[in-house]
Undergrad: 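The structure follows.
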Amino acid sequence: MKERAALDVSKLPLHGMGAASPAWWGTCGFMLIEGSAFALAIAIYFYLFSIAPNWPIDAPVPDLSPGSVLTLLLLASIVPNILVSRWAKARALAKVRIGLIVMSLLEAAPLAPRIFEFPAMHVSWDENAYGSIVWTLLGLHTAHVITDLIDTLVLTCLMFTRYGDNTRRYGDVEDNCLYWNFVIVAWLPLYVCIYWVPRL
Amino acid sequence: MKSTSALPPLALLVSGCSGAQSVLNAEGHAAIELKALILGIIFVCAVVWLLVTIALVLALVRRRDRNDGAISERKAAAVVSGAVGATVLVITGLTIASFYTTRALSEAPGPELTIDVTAQQWWWRFTYGGSNSADAFATANELHIPVGKVVRLRLRSSDVIHSFWVPSLAGKQDLIPGRENTLTLRAERPGVYRGQCAEFCGLQHSHMALFVIAEAQADYERWAERQRGPVAEPTEAEAVAGKAAFMAKQCAACHTIRGTRASGTTGPDLTHIASRRTIAAGLLENTRGSLAAWIADPQTLKPGTHMPLVPLTSDELRQLAVYMEGLE
Amino acid sequence: MMPGKVLNSNVAQPLVTILFFLLLVGLAALIGLARQPRQYRTDPPVAAALNQLRLMPGGIGGAPPEIYFALDRPYETSAYDLSQGKRLYSWFGCASCHGDGRGGAGPSLLDGWWLYGPSVVAIAASIRDGRPRGMPAFGSRMTTDQIWQLAGYVKTIGAYSASLAAPSRNDDKHTRPAENRAPAAILFNEAPPVPPRSDQGPSP
Amino acid sequence: MTEDRKQSPLMDDRLDDAELERHLLQSWQTPGGIWKALATVDHKTIARRYIVTAFVFLILGGLLAVAMRIQLAQPEARILDPDRYNQIFTMHGSTMMFLFAVPVMEAMAIYLVPLMVGTRNIAFPRLNAFSYWIILAGGLLLWISFALDAAPDVGWFAYVPLSGPEYGSGKRADIWAQMITFTELSALAVAVEIVVTVFKQRAPGMSLDRIPLLVWSMLVMAFIVIMAMPAIMFASSTLILDRLVETQFYNPAAGGDALLWQHVFWFFGHPEVYIIFLPAAGMVSTIVATFSRRAIFGYLPLVMAFIATGILAFGLWVHHMFVVGLPRLGESFFTASSMAIAVPAGIQVFCWLATLWLGRPVFATPLLFVIGFIVTFVIGGLTGVMVASVPFDTQVHDTYFVVAHFHYVLVGGAVFPLLGAIYYWFPKMTGRMMSERLGRWAFGLIFLGFNLTFFPMHILGLLGMPRRVYTYQPDLPWGGLNLFISLSALLLVSGFLVFFIDVLRAWRSGLPAGPNPWKAATLEWATSSPPPAYNFRRIPVVDACDPLWMHPEELAVTAGLRVDRRELIVSSVVEALPEARESSPRDSIWPFWAAIATSIMLIGSIFTPWAVVWGAIPVAVTLIGWFWPKGTAEDAS
C-alpha cells in the first residue's frame with residue numbers, strides 16, 4: 001500500500017508529562033486496582049459487622065492514639081508531597097533532591113505509630129473475624145506505605161545519579177507523589193472504619 | 001481386582017424402592033408450581049431461539065437486490081429496535097412470572113410437622129419430635145412424611161455445605177454450617193421420592209442420596225409409632241451372636257441402637273435399620289447380602305466414607321448381618 | 001550470522017515455550033514418582049501387621065512394626081491421615097479428658113512431657129490398651145487404622161517443631177494456635193507436668 | 001534534550017523505505033538466541049507465547065474432560081476413584097477458566113490491540129513480559145501439583161469450609177489459592193497495559209468513535225478485570241490466611257461466615273464470564289463486518305451494549321447463590337438484574353444479524369464459526385435467563401442443566417468466536433493461510449460434537465443429575481444419555497484434532513497470506529503478515545472507522561519519528577491528537593528475574609507465611625533492576 005505523509009510529528013516533545021504520559025495513566029490504573037481492593041476490604045468489614053451480634057467481637061474498642069497520630073503524620077505529609085510534585089514539574093533538581101529526602105523521612109515516620117496500632121486493636125488476628133479484618137486492613141495499608149517508601153528511596157538515590165536530571169525522572173517523581181496521595185486518601189476511610197465505627 | 005468383590009451387591013441394586021428423581025416428575029406442591037414455570041419459560045425461550053435462528057438463516061441466504069442500501073438500513077434500524085423492545089417485554093414478563101411463583105411458594109400455611117435435618121459427610125440424619133423431647137427419635141437417609149401435610153424441614157450441617165434436593169417435591173436448599181435454613185414440603189401424592197445432595201461436599205458427594213416416603217396419615221403414624229418404640233430383641237441364635245459381636249466390636253462406638261449399650265452418635269442410628277429401604281445413603285438395597293458386603297468392606301464400596309473397615313471373621317459378619325436384618 | 005538466522009525470533013519463541021514445557025513436565029514426572037496418594041482402605045493383613053506393637057517393658061516407648069516403615073510412616077506424614085486423626089479426636093471424646101490438648105482430667109498432650117515416651121508407637125499403645133489412672137482402652141472401639149491415625153495426630157500436636165504435613169485449626173472455637181502454625185513448644189512450660197520419672201521419656 | 005537536537009538523531013522522514021526498514025529493524029528487533037528470547041518485550045512475540053501456552057492448557061483441560069466422560073459413560077464405573085475425579089474436575093474448571101479462557105482472550109488483546117490502534121508496541125511492554133512469565137509459573141504450579149497427586153480437589157470455586165482449614169487437608173487448597181494469585185496478577189497487569197494502550201497510544205485521528213469494535217470490547221474487558229480481580233485476590237488471600245495463620249474470615253464459630261466466601265468469589269466470578277465473553281463479542285463484530293463486506297450495523301449501540309454489559313456484570317453475582325437461603329426480596333432484585341443483561345446481549349445479536357442481513361456474506365471458515373456462535377450462544381443466553389429466575393434456579397442449580405448452560409455460554413459464546421478469530425488472524429500472525437477445507441471439517445465436527453455433547457446435559461439436569469458426581473447408580477435413568485454424551489464428546493475431540501492439525505500444517509507450510517487476505521478494514525491489515533518487529537513502517541493517520549475500506553489505495557501516515565530508538569506516538573484520550581513522541585522500552589531480562597522472584601515468594605508462602613517477608617527482598621531487588629535507567633537512547637527526553 002502506498003504511504004502518504006499526512007502529519008509531521010517531529011516537533012512533538014520526546015516525553016509527555018502528566019496526562020500525556022503513559023506512566024501517569026499506568027499509575028492511575030494501579031491506583032484503581034488497589035482502590036477496588038480497599039473498597040472491597042471495607043465492604044467485608046461492614047459485612048462482618050452486620051452479621052456479628054456485637055462489634056467489636058469480644059474486644060474493647062481500639063485505642064485512638066496511635067492511629068490518630070499516624071493519621072496526622074500522613075496528613076502532614078500532604079503539603080511537602082505536593083511541593084515536591086510541583087518542583088518536579090518545574091524541573092528544579094536541587095529542590096526535588098531535598099524534597100525527596102524529606103519525603104523519605106515523612107513516609108518512614110508513620111511506620112512508627114503503625115507498630116503500636118496492632119496492639120492497640122486489643123485483639124489478635126487469630127482470635128475472631130473482627131481481629132482478622134482489622135489486622136488485614138492495617139496490613140494492607142502498611143504494605144502500601146512500605147511499597148511507596150521503597151519507591152521514594154530508590155527515586156531519591158536515582159535523583160543523585162547522572163540519570164537524575166531527566167524529564168522521565170521528574171515524571172516518576174510526580175507519579176510517586178500522586179501515589180503517596182493515594183496512600184493517604186485510602187487511609188482515611190480505613191481510619192474511620194477501624195477506630196470510629198466501633199465507637200458508634 | 002479389589003472392585004470385583006463389590007460387584008455382586010452392586011448388581012443386586014434396588015429396583016422397586018427408588019422413586020424417580022426428576023424435576024418433571026412433580027408430585028409435591030412446590031414442584032408442581034415449579035414445573036409449570038419451568039415448562040413455560042422453556043417454551044418462551046424455545047420460541048425466541050427459533051425466531052433468532054430463522055432470522056439468521058434468512059439473513060444468510062436471502063436474495064440480494066443490487067441497490068437496497070439506504071432504505072433497508074433504515075428498515076433494519078426499525079426492526080432491530082423492535083426486536084430489542086420485544087426482548088425487554090419478554091424478560092419483563094419472565095421476571096414477573098418468576099416473581100409470582102416465588103410469592104406463591106412462600107405463602108404456604110404454617111407447618112403441621114417440623115423435622116430436623118442434619119447433613120454430614122456423607123449421609124442425612126432426620127430427627128423427629130425435637131431433639132430433647134421424650135418421644136423424639138432419629139433415622140437416617142429416609143424421611144417419612146404424611147401426604148398433604150405441610151412439613152417444615154430445619155436444615156443444618158455439621159461439617160461442610162450440603163444441599164437438600166428432592167426434585168419431585170421442591171427446589172433445593174443449602175445446609176450451611178453456622179446457619180439454619182428451612183424448606184417447606186407438601187407431597188400431593190403418596191410415593192417414594194429420591195433426592196440427593198446437590199452441593200459438592202467432598203469425596204462421596206455422589207453417594208449421598210435420600211428417600212422421601214410420602215404416605216397416608218395413618219401409615220405415617222404407624223411408622224412413627226414403630227420408630228419411637230424399643231429395639232427388637234434378637235431371638236434367633238445367630239442374631240443373638242450378632243448382637244454380641246456388635247457390642248464387642250467397634251460398631252457400638254459410632255452407632256446407636258436404642259435400648260442397648262450402643263450409643264455412638266458419629267454414625268447413623270441403627271435402632272430400626274431393617275425398616276429402611278437402603279443402606280449407606282442410598283448406595284445399596286437393604287438386604288442381608290448387601291449389609292454383609294457393606295460391613296465387610298465399606299471403603300471399597302464407598303471410598304473415603306467415615307465408616308472404617310472392621311476386620312471380622314465370616315461368622316461374625318454373617319451374624320451381624322442377621323442381627324441388622326432383624327432390627328425392624 | 002547463521003545461528004541467528006536459524007534461531008530468528010519467529011521460530012525461536014514457540015520453540016522456547018515448548019522446551020520450557022517439556023522440561024518442566026519432565027521435572028514434574030520425576031517428582032511425581034515420589035508422590036503419595038491418599039489411602040482410604042487399609043488391607044486387613046496390613047492392619048493386623050500394624051497392630052503388632054513392640055513395646056519396651058512397662059509399655060514405655062517401643063518400635064513400630066516393620067510394615068510401618070515399609071509404608072513410609074504414613075500416619076505421621078500424610079496430611080489426610082492427620083486430619084482424619086483430628087476428626088477422631090473429637091469423635092471419640094478425647095476432649096472430655098484432654099481438653100483442646102492442654103489436658104483436664106487427663107494429662108496435657110502439649111506440654112512436651114510424654115509419660116510413656118514421645119514415640120508414636122507408645123501413643124498408639126496408650127490409645128489401644130489404655131493406661132493406669134484413668135486412660136481407657138480404645139482397642140475395642142477403634143480399628144487399628146483409626147488408632148494409628150489418632151496417634152499420629154496426637155504426636156503432631158505435641159511435637160517439638162511444626163511439620164509441613166499437619167492439620168490446621170478447627171472451625172469450632174479454639175483456644176490455642178493451630179497445629180500447622182505453632183508446635184506445642186510455646187506451651188511447653190505452661191502447665192507443671194506430673195513429676196517425671198527418668199524412664200518416662202525425655203524432658204523437652 | 002538540547003544535546004539530542006545537536007546530534008540530530010536519525011529521523012524517518014529523511015530515509016527511503018528500504019533504508020527506514022533496516023534502521024527500524026535494528027532498533028526494534030530482538031536478536032536470536034535463547035537468552036534474548038527470554039528478554040524480548042515485543043507484544044507479538046509475547047502474545048504468541050501466551051496463545052500457544054493457553055492452547056496447551058486447553059488441550060490439557062480437554063484431556064481431563066475426556067477422562068471425566070470416560071468415567072461417566074457408564075454407571076458405577078471404577079475407572080477413576082472419587083479422589084482423582086474430584087481433582088480432575090477441579091483442575092478442568094480451574095485450567096479452563098484461569099489458564100485458558102482469560103489468558104487467551106488477553107493474549108488476543110496483546111497481539112491485536114496495538115496493531116489495531118496503529119502503534120508499535122503495547123504500553124508497558126516489560127510488564128507484559130512479566131505477566132506472561134507469571135501466568136506460566138501459575139499454570140506450572142497447578143499442573144506439577146497435579147502430577148504430585150496434590151492438586152486441588154474442592155471445585156473451581158473452592159467453597160469454604162470444604163476448602164477451609166478443617167476440611168481441606170494437605171496443601172491442595174493452598175495451591176489452588178496461590179495459582180489464583182498468579183493468574184490474577186498477570187491478568188491485572190495486562191488489563192492496565194490494554195487500558196493505557198487504548199487510551200494513549202492510538203494512531204493520530206483515531207478518536208473514540210473510530211476505535212475498532214474489538215478494541216472497544218477489550219477496553220471494557222480490561223476495566224472489568226481491574227474492578228473484579230481484586231475481589232478474587234482478596235478471596236484467595238483470605239482463604240490462604242485462614243488456612244495458614246488462622247484468621248477467622250470463614251469460620252462461623254468466631255464471627256466469620258461461610259457465605260462471605262461465596263459473595264466475594266462470585267463478585268469476581270460472574271464478571272469473569274464477561275471478561276471471557278466480551279472479547280469474543282469483539283471478535284464476532286470484526287469477523288461479521290469483514291465477511292459481510294460492509295461496515296458493522298449499529299456501531300454505537302454495540303459500544304453501548306459492551307459498556308452496559310460491563311456495568312451490569314457487577315450487579316448479578318447473587319444469582320449463583322439463590323439456594324443458600326438469602327432474603328427473597330434481595331433475590332428478586334438479582335433476578336431482575338440478571339435478566340436485564342439479556343438486553344445488551346440481545347442488542348449485540350440483533351446488530352450482528354442486521355449486518356449479515358444487509359451485507360453480502362462470504363462463507364469463509366471464520367464466518368462459519370460466527371454462525372455457529374450465534375446459534376449456540378443464543379441457547380446459552382436463554383438458559384441464562386432461565387437460571388436467573390429464582391424458582392427455576394432452585395430446581396436446576398448445581399445440576400447438569402447448569403453444566404450445559406455455562407458450556408453453551410463459554411464454549412458456544414467464547415470458544416467458537418475464538419476459533420473463528422484464529423482462522424481469521426492466523427494469516428496475520430504467521431503470514432500463512434489455514435486450510436478452508438480442513439476449516440470446514442473442523443467447524444462441522446466441533447459444532448455437531450459440541451451440541452450433541454452438551455444439549456442432552458440440559459435434559460440430564462432436569463432428570464435430576466447433580467453436577468460433580470464421580471458416578472451414579474445404574475437404577476437411575478441417566479445411563480443412556482451419559483453414554484450418548486460420552487460418545488458425542490469423541491466427535492468434539494476429533495473436531496479439535498482437525499483444528500490443531502490444520503494449525504500445525506498451516507504454520508509449517510500454509511499458503512503465503514499477503515498483507516490483507518480477507519480485504520478487511522482495520523489497521524492490522526495495513527502492514528505485512530506477519531508484521532515486522534516495529535509493526536508499522538510509519539505510524540498511520542486515521543480519519544474513519546474502516547480506514548482500509550475508505551482509502552484502499554493509500555495509507556495516510558505520520559512523519560518525523562526517530563528511528564535510532566524505539567519511538568511511538570502518544571495521543572490524547574478522546575480525539576487522539578498527537579501529544580508526544582514517546583519511547584518504548586528495550587528488551588530486558590529483568591521481568592523474567594522479577595517473575596521468578598515473585599514465583600518463589602508466592603509458592604514459598606504456601607508453606608510458611610515468612611516467605612512473604614524474605615521473599616519480598618529478591619522481588620524488590622529485581623524490580624529495582626527493572627526500573628533502573630540504563631542510559632539508552634530510550635531514556636532521552
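Convention: sequence-line order gives letters A, B, ...; per-chain numbering from 1.
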Undergrad: Show the nearest heavy-atom pair for residues A:A5 and D:A559, with the distance to one decimal.
TA: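 Answer, listing the atom of A:A5 first, then D:A559: CB-CB, 4.4 Å.
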Undergrad: Could you check whether any side-chain N or O of D:R538 sits under 3.5 Å from a backbone N or O of A:E3, counting only pairs where one atom can act as donor and the other as acceptor?
TA: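 Flag not set: sc D:R538 to bb A:E3 has no pair under 3.5 Å.
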Undergrad: Need one label for D:I194: side chain, backbone, both or neither, based on atoms under 4.5 Å from any heavy atom in chain A.
TA: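 Looking at D:I194, nothing touches chain A.
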Undergrad: Any idea which of A:I51, A:I150, A:I33 has the most non-hydrogen atom pairs under 4.5 angstrom with chain D?
TA: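 If we count pairs closer than 4.5 Å to chain D, A:I33 comes out on top.
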Undergrad: Checking heavy atoms, do the side chain of A:L158, its backbone, both or neither come under 4.5 Å from chain D?
TA: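 Looking at A:L158, backbone and side chain both touch chain D.
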Undergrad: Within a strict 4.5 Å, meaning less than it, do heavy atoms of the A:D126 and D:V245 side chains meet?
TA: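 Counting from C-beta outward, A:D126 and D:V245 never come under 4.5 Å.
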Undergrad: Need one label for D:P540: side chain, backbone, both or neither, based on atoms under 4.5 Å from any heavy atom in chain A.
TA: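 Contact with chain A involves no heavy atom of D:P540 at all.
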Undergrad: Please look at D:Y250 and chain A and tell me whether the side chain, the backbone, both or neither of the residue comes under 4.5 angstrom of a heavy atom of that chain.
TA: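 Answer is neither: D:Y250 stays 4.5 Å or more from chain A.
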Undergrad: Could you have a look at D:V195, D:T247, D:L555 and say which one has the most heavy-atom pairs with chain A under 4.5 angstrom?
TA: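 Highest number of pairs under 4.5 Å: D:L555.
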Undergrad: Just wondering, more than 12 heavy atoms not from A:R97 lying within 6.0 Å of its CZ?
TA: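 For A:R97, atom CZ is crowded (more than 12 foreign heavy atoms under 6.0 Å).
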Undergrad: Relative to chain A, which segment of D:F249 carries a heavy atom at a distance below 4.5 Å: side chain, backbone, both, or neither?
TA: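 Contact with chain A is through both the backbone and side chain of D:F249.
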Undergrad: Go through the atoms of D:L260 and report whether side chain, backbone, both or neither lie under 4.5 Å from a heavy atom of chain A.
TA: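 Its backbone and side chain both get close to chain A.
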Undergrad: Shorter than 4.5 Å, heavy atoms on both sides: which option in A:G26, A:C157, A:S21, A:A52 has the most such pairs with chain D?
TA: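 With the most close heavy-atom pairs to chain D, the winner is A:G26.
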Undergrad: Are more than 12 heavy atoms, taken from residues, nucleotides or ligands other than A:F160, located less than 6.0 Å from that residue's CZ atom?
TA: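 Check passes, neighbour count above 12.
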Undergrad: So that I can tick it off, tell me whether D:E553 and A:K2 are bridged by a salt bridge, with the cut-off set at under 4.0 angstrom between side-chain N and carboxylate O.
TA: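 Judged by the 4.0 Å cut-off on N to carboxylate O distance, A:K2 and D:E553 do not form a salt bridge.
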Undergrad: At a heavy-atom separation under 4.5 Å, does A:I133 approach chain D through its side chain, its backbone, both, or neither?
TA: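 Both backbone and side chain of A:I133 come within 4.5 Å of chain D.
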Undergrad: Kindly indicate, with the supporting measurements, whether the criterion side-chain contact (heavy atoms from CB on, under 4.5 Å) is fulfilled by A:R168 and D:S583.
TA: CA-CA 10 Å; A:R168 283 164 207 285; D:S583 65; 3.0 Å; yes
Undergrad: What is the minimum heavy-atom distance between D:A580 and A:G16, and which atoms define it?
TA: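 Nearest pair, atom of D:A580 first, then A:G16: CB-N, 3.6 Å.
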Undergrad: D:R562 side chain to A:L14 main-chain N or O, any donor-acceptor pair under 3.5 Å?
TA: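 No; judged by distance alone, with no hydrogens or angles, the pair does not exist.
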Undergrad: So do A:P13 and D:E579 actually touch side chain to side chain, heavy atoms under 4.5 Å?
TA: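 A side-chain contact under 4.5 Å is absent here.
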Undergrad: Checking heavy atoms, do the side chain of D:F627, its backbone, both or neither come under 4.5 Å from chain A?
TA: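 Neither part.
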Undergrad: Once side chain to side chain donor-acceptor pair (under 3.5 Å) is applied, do any residues pair with A:N81, and if so which ones, sequence neighbours excluded?
TA: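 Scan of A:N81 (side chain to side chain donor-acceptor pair (under 3.5 Å), adjacent residues dropped) gives A:N181.
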Undergrad: Based on non-hydrogen pairs under 4.5 Å, which of A:I44, A:L140, A:D151, A:D172 is most in contact with chain D?
TA: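 With the most close heavy-atom pairs to chain D, the winner is A:I44.
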Undergrad: Identify which of D:A123, D:S571, D:P578 forms the greatest number of heavy-atom pairs closer than 4.5 Å to chain A.
TA: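 Most heavy-atom pairs within the cutoff with chain A belong to D:P578.
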Undergrad: Less than 4.5 Å to any heavy atom of chain D: does that hold for the side chain of A:T136, its backbone, both, or neither?
TA: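 Just its side chain gets close to chain D.
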Undergrad: Just to verify, which of A:D8, A:L7, A:L12 counts as forming a side-chain contact (heavy atoms from CB on, under 4.5 Å) with D:T558?
TA: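 That would be A:L7.
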Undergrad: Yes or no on side-chain contact (heavy atoms from CB on, under 4.5 Å) for A:T161 and D:W628, after CA distance, side-chain angles and deciding distance?
TA: CA-CA 11 Å; A:T161 65; D:W628 196 267; 3.9 Å; yes
Undergrad: D:I569 versus chain A, heavy atoms under 4.5 Å apart: side chain, backbone, both or neither?
TA: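 Just its side chain gets close to chain A.
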Undergrad: In terms of heavy-atom pairs under 4.5 Å, which option from D:L188, D:V192, D:T238 contacts chain A the most?
TA: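 Highest number of heavy-atom pairs under 4.5 Å: D:V192.
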Undergrad: Heavy atoms only, distances under 4.5 angstrom: which of D:I226, D:V541, D:V225 has the most pairs with chain A? Name it, please.
TA: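 If we count pairs closer than 4.5 Å to chain A, D:I226 comes out on top.
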Undergrad: Please state whether the side chain, the backbone, both or neither of D:E582 comes within less than 4.5 Å of a heavy atom of chain A.
TA: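 For D:E582, heavy atoms of backbone and side chain both lie under 4.5 Å from chain A.
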Undergrad: Walk me through it: do A:Y47 and D:D257 pass the test side-chain contact (heavy atoms from CB on, under 4.5 Å)?
TA: CA-CA 9 Å; A:Y47 180 88; D:D257 185 23; 2.5 Å; yes
Undergrad: Under 4.5 Å from any heavy atom of chain A, what part of D:E567 do you find: side chain, backbone, both or neither?
TA: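 Side chain of D:E567 only, per the 4.5 Å heavy-atom cut-off to chain A.
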Undergrad: Kindly say whether D:D635 contributes a backbone atom to a donor-acceptor pair with the side chain of A:N166 at under 3.5 angstrom?
TA: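 Flag set: sc A:N166 to bb D:D635 pair under 3.5 Å.
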Undergrad: Verify side-chain contact (heavy atoms from CB on, under 4.5 Å) between A:L32 and D:M227, making sure each step is shown before the conclusion.
TA: CA-CA 8 Å; A:L32 192 59; D:M227 307 300 288; 4.2 Å; yes
Undergrad: Non-hydrogen atoms of chain D under 4.5 Å away: do they reach the side chain of A:R162, the backbone, both or neither?
TA: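 Contact with chain D: none, neither part.
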Undergrad: Short question: side chain of A:W125, backbone of D:L241 - any donor-acceptor pair under 3.5 Å?
TA: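 Side chain of A:W125 to backbone of D:L241: no pair is present.
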Undergrad: Is A:A19 in contact with chain D via its backbone, its side chain, both, or neither, using a 4.5 Å heavy-atom distance?
TA: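 Interface part for A:A19: backbone (N, CA, C, O).
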Undergrad: Which answer fits D:L623, side chain, backbone, both or neither, if we ask what part of it has an atom under 4.5 Å from a heavy atom of chain A?
TA: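 Nothing of D:L623, per the 4.5 Å heavy-atom cut-off to chain A.
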Undergrad: Closest approach of D:F234 and A:A41, non-hydrogen atoms and distance?
TA: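 In this case the closest contact between D:F234 and A:A41 is CE1-CB, 3.6 Å.
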Undergrad: State, to 0.1 Å, how close A:S36 and D:P230 come at their nearest heavy-atom pair, and which atoms those are.
TA: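 Residues A:S36 and D:P230, closest heavy atoms: CB-CG, 3.7 Å.
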Undergrad: Which answer fits A:A20, side chain, backbone, both or neither, if we ask what part of it has an atom under 4.5 Å from a heavy atom of chain D?
TA: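 Both backbone and side chain.
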Undergrad: Checking heavy atoms, do the side chain of A:T147, its backbone, both or neither come under 4.5 Å from chain D?
TA: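 For A:T147, there is no contact with chain D at all, as no heavy atom is under 4.5 Å.
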Undergrad: If every non-hydrogen atom of D:V570 is compared with every non-hydrogen atom of A:P22, which pair is closest and at what distance?
TA: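 Reported closest heavy-atom pair: CG2-CG, 3.9 Å.
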Undergrad: Can you give me the closest heavy-atom contact between D:K200 and A:W25, atom names plus distance?
TA: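 Taking D:K200 first and A:W25 second, the nearest heavy atoms are CD-NE1, 3.3 Å.
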Undergrad: If you tally heavy-atom pairs under 4.5 Å against chain A, which of D:E193, D:R537, D:E554 wins?
TA: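 Greatest number of close heavy-atom pairs with chain A: D:E554.
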Undergrad: Is it true that D:R581 and A:S10 share a donor-acceptor pair across their side chains at a distance under 3.5 Å?
TA: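 Judged by distance alone, the side chains do not pair up.
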